[in-house]
Amino acid sequence: MADLINIKFPDGKSAKIEKGLSGFDIAKQISISLSKTAIAFKVNGKILDLSRTVENDSEIQILTKEDDEALDIIRHDCAHVMAEAVQSLYPGTQVTIGPSIENGFYYDFARKEPFAISDLPKIEKKMHEIINRNEKFTREVWSRDEAIKFFKSKGEEYKVELIEDLKEDEEITVYKQGEWLDLCRGPHMMSTKQIGKGFKLMKVAGAYWRGDSNNAMLTRIYGTAWRNEKELESHLLQIEEAEKRDHRKLGKEMNLFHFQEEAPGAVFWHPKGWKLFQSLINYMRKRQDDAGYVETNTPDMMDKSLWETSGHWDKFSEMMFRTEAKDEKIYAIKPMNCPGAVEVFKQGLKSYRDLPFLLSEFGKVHRYEPSGALHGLMRVRAFTQDDAHIFCTEDQITQESKTVCDLILSIYKDFGFDSVRIKFSDRPEKRVGDDVVWDKAEAALMQAMEATGLEYTLNPGEGAFYGPKLEFVLRDAIGRDWQCGTLQVDLNLPGRLGATYVAEDGQKKVPVMLHRALFGSLERFTGILIEHYAGHLPLWLSPLQIVVATITSESDNYAFNVKDQLTKSGLVTEVDIRNEKIGYKIREHSNAKVPVILAVGKKEADEKTVSVRRLGNQNTKSIKLDELIKSLQKESLSPIN
RNA sequence: GCCGCAGUAACUCAGGGGUAGAGUAAUUCAUUGGUAAUGAAUAAGCCGGCAGUUCGAUUCUGCCCUGUGGCACCA
C-alpha cells in the first residue's frame, strides 16, 4: 500500500492522495476535463510542470489557460519554440535569454547578420510546425560540468556564461522539446501543442547582452502570445487603437505642432497647439497661485561656474548645451531651473518666518538627450517644466510634501486621471550627504506618503543623488502608464549654492529644498493629453471650440452673425462658408477634432437656431442660439473657475 | 549613443540604372447642396545631404543628417 499524503485545494477542500503522484495525475483524479485543460500546477505557491510529483502534504492548485499565471507560461513556451525555429532556420545562431514579458515574449539571439522583419513570417511558419509536432516539454536536471560541457560543444558561449554565473547550490535544469533543448528554470506546459495559434511575431530590435551598453548588441525578436486567436486579435486591435491616438499623427491632423531637421527634439508650436499649451500653463499658474506659490523667472543661460558650484557640470556637462559670446565666458543653457531658483531665494535676508517659501517657474530647459531617446513630444531636448522649489525647514518636509501630493492628485483629476500610482525612490548607492540626513529625509517623505493614505510602491536605490523622491505615475484612458510629476527632497543644492535663512535662535541655517514638477514637462503632458483624449479635447482645452458651417451661401450672413455672438461670449469660433457640401465640411472638421460643429441653413436663420453636432456623435440637435451659448459657456469653463 | 527600418509633391504613399506616379490637399471653372468626400481642368518634385561606381544614379555602394521600432540613458 502506497503512502498517502494530504493535499489542500484553493476552495478549502482537501484530499488524501498517493505520495509521488504528478500534477497531471492529480488533475486527472479531479476530472478528465481538467487534465485536458491543465497546463501547470501550483504547489505551496510555487508553479511547477505538471510532470513534477508531489511528495509531501501540500496546498495544490491546478492552473489552466484561464489563469493569468498560465499566460506567462504560454509566452515562455512560445519563446522556446521560437528559439528552436530560429536555430533550425539559421544554423550558427546562438541563443541567450528569452523571457515572457507583458503581452508576450522575446528571445535575444547572437548572430552576425541581424534578423529582418522579412524573416519573421518564415520563423512563424516554422513555429507552427514545431507546435503541431506536439513535442513534450521534458525537464532534466544536469550537473554544472555536464551543462557547461554540453553548451560549449554547441558553441553557445552565452549559455555557458549564464551557467557559470549561477550560484553554486542552484539546480541546473534544461527543458527539451523533441531534439531541441534550452537551459531554463521552467516551468513549461506539457507539450508544444498547448501553445495553440494565439501568437504572432511582432518586431526585431537590438538589445545589449545583459542590458549593459558596454556589452555586445544582440538581436531580439519580440512576439505577442495569448490564450487563443481571439485574444490575439483583440490585442492587435488594441495596438491599432493606440496607433490612432498617436500624438504625432493627431498633432499633424489637428495642426498643433511640427518638428524639423534643423531643430531635432525641439517643438515648433503652431497657433492652435500653442493655445493649448498656454491653457495648461494658465491652469497650472492659477492652481499654484491659489496654493501660495510665487512665480519667478530666471536666465536661460548662466556662466558655467554656477553649474560647477551646483554640481551639475560634473555629472551632466555632456548633456548640457553650451554657448559662448565675445567675452569668452562659457555659458550653459539651463538644463534645470533649481540653481536659478536658489539665486532668487538668496536675494535679501530670509527669516524662518518666510518659510516655507514657494517659488514657481515655468522654465524652459534644454538637455542634450541621446538621439535614440527622442520621441515626438514625449521626449524632447527643449521643454518647459512647471517647476517649483519649496524652501523649508527639515521639520516642514512632511507637511509640505503632503500638500504637494494633495495638489497633484487634485490637478490630475481635472484631466480625468483618477488612477495615480506613486513610486517612492530612496537613497542610491552614489549619493551625497550623511546617512543621518538621509534617514531624516526619507522618514519625513515616507511620513508624508503615509499621511496622504495613498498607495505607493518602493523603488529602492532610485532616488536622486541629493535626496529621495516621489514619482507620480498616471494611467490614461486606454490603460497606459505615464510618469509625470515628481517630488524630490534636496539636501544638497541649497548648501552648495549658499542659501541660508535666519532661524529662531538667530543662527544662520541652510534650508531644505523640495523640487517638484506636477505636469513635469508641459510638452510631454500635452502629448499625453492628446493621446488620453484621442484628440477629443474637452471644450476648455480645445484651441478651436466651434465651427459654424453653412449649408448654402444664402446663410453666410447668419453664420457670421452667429460667430460674432459666440466670439463675444468668449467661445473660440471659426466660420466655414466655403463652397462645399455640408457633409464635406462635417467630415473635415470632425477629422480636425473640432468639438462643436454648428450647421446653419435657411431654416436656422429663420428660427434663430443652430443645428448642433458634437464631435464623435452622429446625432444633431436644433436649439436656440442663446440657449447654446449658455450651455457652452458653462461647459467651456476651465476647472479653475 | 548602439542595432534594425525609413526619408519620393503640402499630406498619405506606390515605383525603380535611361532624370517620376496615385489619392487627398491647393488653384480655376461649373455646381447652392441638410450632417463624415459634388464634378472637371490646372499647376505642383534638387526622389534628405555629400561622395563613389556607371556613358548615365532618384534607383546600386559608402559616409552623414533626420525620423522611427527597440536597447541603453533620463538631473
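Every chain is numbered from 1 and lettered A, B, ... according to where its sequence line falls, protein lines coming before strand lines.
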Side-chain donor/acceptor contact of A:T620 with base of B:U35 under 3.5 Å:
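In this structure, the two groups form no donor-acceptor pair.
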In whole Å, what is the span from the CZ atom of A:R578 to the C1' atom of B:A36?
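Between C1' of B:A36 and CZ of A:R578: 13 Å.
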In whole Å, measure the gap between the C1' atoms of B:U59 and B:A6 for me.
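That atom pair is separated by 15 Å.
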Which whole number of Å gives the distance between the P atom of B:C3 and that of B:A22?
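The same atom, P, in both gives a distance of 39 Å.
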With nearest nucleotides of RNA chain B determined for A:I117 and A:N617 from heavy-atom distances, which residue corresponds to the more 5′ nucleotide?
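It is A:I117, whose closest nucleotide lies nearer the 5' terminus.
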Validate the cation-pi geometry between A:R524 and A:F519: distance from NZ or CZ to the six-membered ring centre under 6.0 Å, angle to the ring axis within 45°.
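Because its charged atom misses either the 6.0 Å distance or the 45° angle limit, A:R524 does not stack over A:F519.
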When the ring planes of A:F391 and A:F357 are compared, do they come out parallel, tilted or perpendicular, using 30° and 60° as the limits?
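Rings of A:F391 and A:F357: tilted, as their planes differ by 30° to 60°.
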Describe the nucleic acid contact of A:E318 in one word from base, sugar-phosphate, nothing, applying a heavy-atom distance below 4.0 Å.
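It contacts nothing in the nucleic acid.
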Whole-Å P distance, B:U42 and B:G21
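Going atom to atom, P in each nucleotide, I get 14 Å.
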Rounded distance in Å - CD (A:E253) to C1' (B:A25):
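For the pair A:E253 CD and B:A25 C1', the rounded distance is 14 Å.
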Whole Å only: how far is the NE2 atom of A:H258 from the P atom of B:C11?
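Taking NE2 of A:H258 and P of B:C11, I get 10 Å after rounding.
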Whole angstroms only, please: what is the CD-C1' distance between A:E580 and B:G39?
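Whole-Å distance recorded here is 11 Å.
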Provide the distance between the two P atoms, one in B:G17 and one in B:C73, to the nearest whole Å.
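Here B:G17 and B:C73 have their P atoms 44 Å from each other.
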Between A:E588 and A:K585 (salt bridge meaning N to carboxylate O under 4.0 Å), is one present in this structure?
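A:K585 and A:E588: not salt-bridged.
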Report the distance from atom CD1 of A:I551 to atom P of B:U38, rounded to the nearest whole Å.
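Taking CD1 of A:I551 and P of B:U38, I get 13 Å after rounding.
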Regarding A:K602, tell me which of base, sugar-phosphate or nothing describes its non-hydrogen contacts under 4.0 Å with the strands shown.
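Base contact.
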Measuring from the side chain of A:Y584 (C-beta onward, heavy atoms only), which nucleotide among B:U32, B:A25, B:C3 has the closest atom?
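Given the options B:U32, B:A25, B:C3, the side chain of A:Y584 is closest to B:A25.
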Could you state the CD-P distance from A:E243 to B:U12, rounded to the nearest angstrom?
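One finds 15 Å between P of B:U12 and CD of A:E243, rounded.
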Is A:I582 touching bases, backbone alone, or none of the nucleic acid, heavy atoms closer than 4.0 Å?
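Since only primed, P, OP1 and OP2 atoms lie under 4.0 Å of A:I582, the category is sugar-phosphate.
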Atom C1', compared across B:G33 and B:G39: separation rounded to whole Å:
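To the nearest whole Å, 13 Å.
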So does A:R427 pair up with A:E442, basic N to acidic O under 4.0 Å?
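Yes, charged N to carboxylate O under 4.0 Å.
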CD1 of A:I623 versus C1' of B:U35: gap in Å, rounded?
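Roughly 16 Å, once rounded to whole Å.
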Looking at residues 607-614 of chain A, who's got a heavy atom less than 4.0 Å off RNA chain B?
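Of all residues in residues 607-614 of chain A, the ones placing a heavy atom under 4.0 Å from RNA chain B are A:S611, A:R613.
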What interatomic distance, in whole Å, is found between C1' of B:G49 and the corresponding atom of B:C65?
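Straight-line distance between the two C1' atoms is 7 Å.
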Same-atom distance (P) from B:U58 to B:A43, integer angstrom
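It works out to 25 Å between them.
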Regarding A:T219, tell me which of base, sugar-phosphate or nothing describes its non-hydrogen contacts under 4.0 Å with the strands shown.
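Since no nucleic acid heavy atom lies under 4.0 Å of A:T219, the category is nothing.
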When the P atoms of B:A44 and B:C2 are compared, how many Å lie between them, rounded to an integer?
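Pairwise P distance, B:C2 against B:A44, rounds to 42 Å.
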Atom CE of A:M202: over 12 foreign heavy atoms under 6.0 Å:
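Yes, the 6.0 Å shell around CE holds more than 12 heavy atoms from other groups.
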Give each stem of RNA chain B as a range with a range, requiring at least 3 consecutive Watson-Crick or G-U wobble pairs whose two distances are under 3.5 Å.
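B:1-7 with B:65-71, B:10-13 with B:21-24, B:26-30 with B:38-42, B:48-52 with B:60-64 - these are the stems of 3 or more pairs that involve RNA chain B.
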Tell me, for nucleotides 58-75 of chain B in 5' to 3' order, what letter each nucleotide earns: B for a base near a protein heavy atom under 4.0 Å, S for only sugar-phosphate near one, - for neither?
-------SSSSBBBBBBB
Identify whether the distance between the nearest side-chain nitrogen and carboxylate oxygen of A:D165 and A:R210 falls below 4.0 Å.
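Looking at A:R210 together with A:D165, the answer is yes, because their closest N to O distance falls below 4.0 Å.
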Separation of A:H589 atom NE2 from B:A37 atom P, in whole Å?
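Checked: the NE2 to P distance equals 14 Å.
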How about A:F109 and A:Y107: are their ring centres within less than 6.0 Å of each other?
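So the answer is yes for these two rings.
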Heavy atoms only, 4.0 Å cut-off, all strands: where does A:G601 land among base, sugar-phosphate and nothing?
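Result for A:G601 = base.
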Among the candidates B:G34, B:U12, B:U38, find the nucleotide nearest to the side-chain atoms of A:E604.
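Per side-chain heavy atoms of A:E604, the pick is B:G34.
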Whether over 12 other heavy atoms sit under 6.0 Å from A:K440 NZ:
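Counting neighbours around NZ of A:K440, 12 or fewer heavy atoms of other residues, nucleotides or ligands fall under 6.0 Å, so no.
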